[in-house]
Amino acid sequence: MLHLVLLFYALIHASLLIWVLSISPTNCTPWQKGRVTFVCALLIGMLYDNLITGIGNFYFEQDWYSTANVPRFVLHALILPFLPLFAFSLLQETHGRMRHQRLLFWPLIVVCSLALLYGLYHEVILLQLGDKSVLGVQKLGNMVPSPPWATIVSNLIFLPMAWLYWRAAGWPWMFFGGLFIFVLNGASAGQSWGFLVGNFAEVVFIVSLLLTTRQHQQSMPA
């Protein structure tokens, strides 16, 4: 029955995606467009991941199911490295001193690019799909025994920037959302139930990003 929890997560992500698209302003700055694009891509990636994993109990033995799992890892590798740029864009519009610290932008681009390349190498080029069924959930996973360093580094850069945004804007929830998913993923790593906890943490995290984006948009001068 736990595979139904994953399908429920997918339904949540689909609902959030529809909500984001319905409230997105038509006239917005490039940074604003970038943030909306990022959260939509993140939701699509999470939706696809939970949907494909959730239907594993029904289609695990089908030939196409293994191929359908590959985009899960491609989307993860392509989207997560841009998380620090999401936080940077908020700081650019909020923190007065940040507007004059454009030199931070290019090192950030370099780090995000390296995380992107490593993620593609680790999660796509080296991808070895294998049976990781657990707790009655039939699922495929990457059998390469290496930590997801691209995701870890992206989160470690994101958290201080989310903290700076909290100090500048008085809005703590992006920081707490990032801390929540970082701590829960770390604590549940290697546990049989870790994927369920991690997927729940993703729901909390994306909600914190969406609420932050909404609050930030409302606080900006017209």
Side-chain angles (χ1 to χ4, degrees), residues 1-22 24 36-83 86 112-113 115-155 181 184-185 188-207 209-210:
M1 294 295 291
L2 287 179
H3 63 283
L4 297 180
V5 176
L6 299 176
L7 294 177
F8 178 67
Y9 288 154
L11 179 62
I12 293 176
H13 293 313
S15 301
L16 291 173
L17 180 61
I18 293 172
W19 180 69
V20 171
L21 294 174
S22 67
S24 298
V36 171
T37 301
F38 174 76
V39 295
C40 286
L42 199 58
L43 282 167
I44 290 171
M46 293 175 176
L47 167 61
Y48 189 84
D49 183 86
N50 283 288
L51 179 61
I52 293 299
T53 307
I55 64 174
N57 283 41
F58 306 107
Y59 302 108
F60 193 79
E61 301 298 333
Q62 299 293 319
D63 293 337
W64 59 266
Y65 184 70
S66 178
T67 303
N69 272 265
V70 175
R72 290 174 49 212
F73 300 91
V74 175
L75 290 170
H76 186 271
L78 288 176
I79 298 169
L80 260 296
F82 293 97
L83 180 60
F86 176 90
C112 291
S113 298
L116 177 65
L117 291 173
Y118 179 83
L120 289 172
Y121 174 72
H122 174 260
E123 300 200 39
V124 180
I125 296 177
L126 295 182
L127 179 61
Q128 296 179 13
L129 287 174
D131 189 345
K132 286 196 172 183
S133 301
V134 64
L135 299 177
V137 179
Q138 291 185 281
K139 59 193 292 285
L140 293 173
N142 193 353
M143 305 303 289
V144 177
S146 175
W149 290 115
T151 301
I152 294 172
V153 170
S154 296
N155 277 279
I181 191 172
L184 254 66
N185 280 343
S188 62
Q191 303 294 328
S192 60
W193 39 263
F195 71 101
L196 289 172
V197 173
N199 287 9
F200 171 71
E202 286 178 352
V203 173
V204 174
F205 180 57
I206 192 64
V207 168
L209 295 186
L210 293 175

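From a predicted model like this one, the values you see are computed outputs, not experimental measurements.
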| task | Compare all side-chain heavy atoms of I181 with those of N155 and state whether any distance is below 4.5 angstrom. | result | yes
| said: Students often mix this up, so state it plainly: with edges at 30° and 60°, are the rings of H3 and F58 parallel, tilted or perpendicular? | reply: perpendicular
| Out of curiosity, L2 CG to F195 CZ, how far, rounded to the nearest 0.5 Å? | 6.5 Å
| message | Has H122 got a side-chain atom pairing as donor or acceptor with S146's backbone, closer than 3.5 angstrom? | response | yes
| query | From L126 CG over to Y121 OH, what is the distance, rounded to the nearest 0.5 angstrom? | reply | 4.0 Å
| query | Do L7 and L51 come close enough that some side-chain heavy atom pair is under 4.5 Å? | reply | yes
| remark: When rounded to the nearest 0.5 Å, the distance separating CE of M46 from CZ of F205 is 7.0 Å
| request: For residues P81 and S154, report the shortest heavy-atom separation together with the two atoms involved. | output: CA-OG, 3.6 Å
| Could you state the interatomic distance from CG (L42) to CG (L47), rounded to the nearest 0.5 Å? | 11.5 Å
| Could you give the distance from CZ (F38) to CZ (F86), rounded to the nearest 0.5 Å? | 7.0 Å
| Hey, is the main chain of L129 close enough, under 3.5 Å, to the side chain of N142 for a donor-acceptor pair? | no
| message | Is it the case that over 12 heavy atoms from other parts of the model lie below 6.0 angstrom from the CZ atom of F200? | response | no
| Under 3.5 Å, side chain of N57 to main-chain N/O of Q138, donor-acceptor pair present? | yes
| request: Kindly give the heavy-atom pair with the smallest separation between G198 and N185, and that separation in Å. | output: CA-OD1, 3.3 Å
| field | Nearest-0.5 Å distance, CG of residue D49 to CD1 of residue I44 | value | 13.5 Å
| task | Ignoring hydrogens and angles, tell me if any N or O in the side chain of Y65 forms a donor-acceptor pair with the backbone of I52 under 3.5 Å. | result | yes
| Within a strict 4.5 Å, meaning less than it, do heavy atoms of the D131 and M143 side chains meet? | no
| Are any non-hydrogen side-chain atoms of L78 and L120 less than 4.5 angstrom apart? | yes
| field | Closest heavy-atom pair and its distance - A68, Y48 | value | O-OH, 2.6 Å
| Short question: side chain of R72, backbone of T53 - any donor-acceptor pair under 3.5 Å? | no
| Under a 4.5 Å cut-off applied to non-hydrogen side-chain atoms, are I55 and L6 in contact? | no
